[in-house]
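Just so we're on the same page: letters track the sequence lines, and every chain starts at 1. From a predicted model like this one, the values you see are computed outputs, not experimental measurements.
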Amino acid sequence: MEELDGEPTVTLIPGVNSKKNQMYFDWGPGEMLVCETSFNKKEKSEMVPSCPFIYIIRKDVDVYSQILRKLFNESHGIFLGLQRIDEELTGKSRKSQLVRVSKNYRSVIRACMEEMHQVAIAAKDPANGRQFSSQVSILSAMELIWNLCEILFIEVAPAGPLLLHLLDWVRLHVCEVDSLSADVLGSENPSKHDSFWNLVTILVLQGRLDEARQMLSKEADASPASAGICRIMGDLMRTMPILSPGNTQTLTELELKWQHWHEECERYLQDSTFATSPHLESLLKIMLGDEAALLEQKELLSNWYHFLVTRLLYSNPTVKPIDLHYYAQSSLDLFLGGESSPEPLDNILLAAFEFDIHQVIKECSIALSNWWFVAHLTDLLDHCKLLQSHNLYFGSNMREFLLLEYASGLFAHPSLWQLGVDYFDYCPELGRVSLELHIERIPLNTEQKALKVLRICEQRQMTEQVRSICKILAMKAVRNNRLGSALSWSIRAKDAAFATLVSDRFLRDYCERGCFSDLDLIDNLGPAMMLSDRLTFLGKYREFHRMYGEKRFADAASLLLSLMTSRIAPRSFWMTLLTDALPLLEQKQDDDIETTKVEMLRLSLARNLARAIIREGSLEGS
Amino acid sequence: MEEIYAKFVSQKISKTRWRPLPPGSLQTAETFATGSWDNEENYISLWSIGDFGNLDSDGGFEGDHQLLCDIRHHGDVMDLQFFDQERIVAASSTGCVTVFLHHPNNQTLSVNQQWTTAHYHTGPGSPSYSSAPCTGVVCNNPEIVTVGEDGRINLFRADHKEAVRTIDNADSSTLHAVTFLRTPEILTVNSIGQLKIWDFRQQGNEPSQILSLTGDRVPLHCVDRHPNQQHVVATGGQDGMLSIWDVRQGTMPVSLLKAHEAEMWEVHFHPSNPEHLFTCSEDGSLWHWDASTDVPEKSSLFHQEMSSHYAAQAALKLLSSSNLPAWASRGGRSSTFLSHSISNQANVHQSVISSWLSTDPAKDRIEITSLLPSRSLSVNTLDVLGPCLVCGTDAEAIYVTRHLFS
């Protein structure tokens, strides 16, 4: 065993007193049963009244959220699409497909997040609202992590474009700026708004220099005294060299231009051009990548990874992926400044910047309350061929292990089990056996549901499960006195023994009532009749009745004869057969029938004789 | 079929039905009902696709359907039918049949009437009852007919507390669906491939006619009658096959069409445009069958549309009632034409008879369009009304389109 990754969390079960009474527990797939026992070592005589309930402890609680159900259902379709991506595809087209899949997953997370947010706002009960809000922040963290993984592991952006992706990432997740911007611009005199300089600073921090320039022009219009320096600042913003996607310039050219621009900024600082305006000077320091100036804006940066990206933007815009981890670690240290310790989210992001995929997945598994995230992310990264080398010391590889956990959670849910089937299908090693174990535990309350389960089993050639389901349904039908249904199910299961049992019931009913029930079925057995001798007999015997009823006496007689000679009739039914022969014997018909009659007579006499001998023999014996 | 809107609703949808339009109305459909199954709590819900005054950026109405109201339903919703504009009849897996009433003023649903043990099993030799799922319901104001796993047929009247007529043991196997043929005759399909016609004027518990698939006794899951030609009936089976029957003649289907890869859960003729037929299946597909043979240009238009769709597969019409099935293999993904030569004169003559019954493969063309973009879990239900189609799936999504024929 490996060492524990952290202290396991304690879940208290209300009403259960584990100090006084001993506990009993049992593992199920995805769930655990817990109850108190009345077992007490010390005082055997005194029975402490214990808790009368058996508790079901569920591991994957998020499966039961109404809103997250949409996430599970929608992402199921994306998952299937991903599994069907042609393995042959390579290079660019494969990468672009994988990136699209990743974006689809993220948009589903975002849709859920928005709905959860709406519900949180609308919640009347504050406790309820808080619960939804915490779900929103979990979903938001999930999307943040996924997005970073997409940039680093799937997109694999090289130096240059890497920073553009990271900027988009920060802009997407620190989005308060848009409402602030609307607020400021909506006011009568934007440049006199309390938050005006905050807004400009945030725009600069996020590298949105065009918008920042437009803001500055408002300030220039409002106060002519500072118009000059505002224009200089605006020019600096405009001339900052950036990599644009369509541009053909090389990285070296860009670095050279950037160096010149940086030196120009430096000169303005040394000349104290902006000394009259502390706001502008602070902006200049930010644009020079001055760490102290950046750290002064902690409030506006709101988190260390924003600090990291801004710092890179203004000090090392062509950062190489391999150097990211160094900047990430130091940014985290600088930002927290020893005041607080990193939280799980910080560790996850840091691991991602270090390109340690396994650490990311491990930390996420511990921190998040569902398997959805790690299962789907791991599967996607596996499709990017990033996890090949990693095998677990138990079960299969990590992808399969996580998918199995997720699918088991779905199967524990009374309704979502259908989704789980497809996940098991794509677990080559243990998926099949897991499905076999889970599928038998699905309660079958209607035939329609049974048919759906049967279809799943039949598509996967799970003959054992098919037989067992049909048998359950046949037994149920017998209990409900639905012999026709019971026979249908045993025919479908190709269960000869059960078909015999049901056929016997039919014959017994006939003997008691003198007529057949369920003729619509028995008359239309077709080739299914051959399943068991007794069923064949039932079908043929009914055919005899039909012929007799249609006054086809010759055919009826020869069929009856063949029923007698073929020895498939149950012993208890011989008397009935012989009685049936009587009216035929008494009829006056042509020669053909005569010979049949003679044969019948001979046969029945021989039988009778044999029985007489046996009886006599047994009488003597006793 | 450009705009098909999907909405995830956090419950598996077993049934969906458009609310009928008032007679003579020129409106298009805008309200539909859904029923859920296999949830811890199941619901009957009413949805509106009408506008709520909010126009989207293109000036069109927003595509999403909005929940109007819902009500708890005990057990899985096995079938659902509108009785009239306000009342909905639901069949439950608990054997209960409930009439729900919609109050448009305050947008609520309430229980209007209930027959709690409409379907039940009797144990062998004991008087104890256990409930049996009610699998199908059909309404023809004021009558309601239900069928169930117990092989029982009930005839209810909305204003009667007790069943007007009950046929116990009407079928030895499970009855899967029921529809009116012409009053007072009904049609049922069962789990051993039989189509039975019952006449309520006759006493006793024998059907007036039995039609059946020969051979494999493949269970039939759904049935629908041609809206104008009442002798033309379509059924869907466990093997995904579409069968067309002429109940006036013969005991076997007129044609068998290879369709879906798994159970066909529902089949519907378009109520006002019966040359069009719609089917959905456990294999996750939803198909539009077009048997209108009138305008040759139209087919080329459809062909283009077809190729853009995902997996519309060719159906091959193969069998006339006198022949044994002789299956040909499936055609390519978008090859939909069944004919090699098209004779317009013959078609004009033929259109007097139903195009679904014609047995000459040389003149038959049925074009099939797959309406859903990607397949996953079962499409359990669909309904069509005018240019609108709605369907519900086990992937907990409801799809709606308002432009079926555009």
*Decide if atom NE2 of B/His74 counts as having more than 12 heavy atoms of other residues, nucleotides or ligands within a radius under 6.0 Å.*
no

*What's the spacing between B/Ser376 OG and A/Leu419 CG if we round to 0.5 Å?*
8.5 Å

*For the residue pair A/Ser485 and B/Ser173, what are the closest heavy atoms and their distance?*
OG-CA, 3.8 Å

*Most heavy-atom pairs under 4.5 angstrom with chain A, which of B/Lys12, B/His221, B/His176, B/Glu40?*
B/Lys12

*asked:* With rounding to the nearest 0.5 angstrom, report the CG to CD1 distance, A/Leu487 to B/Ile192.
replied: 9.0 Å

_Heavy-atom contact with chain B under 4.5 Å, split by part of A/Trp489_ = neither

*Below 4.5 Å from any heavy atom of chain A, which atoms of B/Asp171 appear? Answer side chain, backbone, both or neither.*
both

*For the residue pair B/Asp38 and A/Ser415, confirm or rule out a side-chain donor-acceptor distance under 3.5 Å.*
no

*Could you check if a side-chain atom of A/Arg492 sits within less than 4.5 angstrom of a side-chain atom of B/Arg217, using non-hydrogen atoms only?*
no

_side chain to side chain contact (heavy atoms under 4.5 Å, CB included) for A/Arg482 and B/Ser172? Distances and angles first, verdict last._
CA-CA 7 Å; A/Arg482 300 278 301 152; B/Ser172 60; 5.6 Å; no

*First locate atom CD of A/Gln418, then atom CG of B/Asp394, and finally report the distance between them rounded to the nearest 0.5 Å.*
4.0 Å

_Within residues 442-457 of chain A, which residues come under 4.5 Å of chain B, heavy atom to heavy atom?_
A/Asn445, A/Thr446, A/Glu447, A/Gln448, A/Lys449, A/Leu451, A/Lys452, A/Arg455

*Answer with side chain, backbone, both or neither: which region of B/Glu263 has an atom nearer than 4.5 Å to a non-hydrogen atom of chain A?*
both

*Going through the distances and angles, do B/Ser130 and A/Asn480 end up as a side chain to side chain contact (heavy atoms under 4.5 Å, CB included)?*
CA-CA 8 Å; B/Ser130 67; A/Asn480 289 329; 3.4 Å; yes

*Measure B/Asn42 against the heavy atoms of chain A and call it side chain, backbone, both or neither at under 4.5 Å.*
neither

*Do A/Arg69 and B/Glu396 sit within salt-bridge range, that is, some charged N less than 4.0 Å from a carboxylate O?*
yes

*Which answer fits B/Glu149, side chain, backbone, both or neither, if we ask what part of it has an atom under 4.5 Å from a heavy atom of chain A?*
both

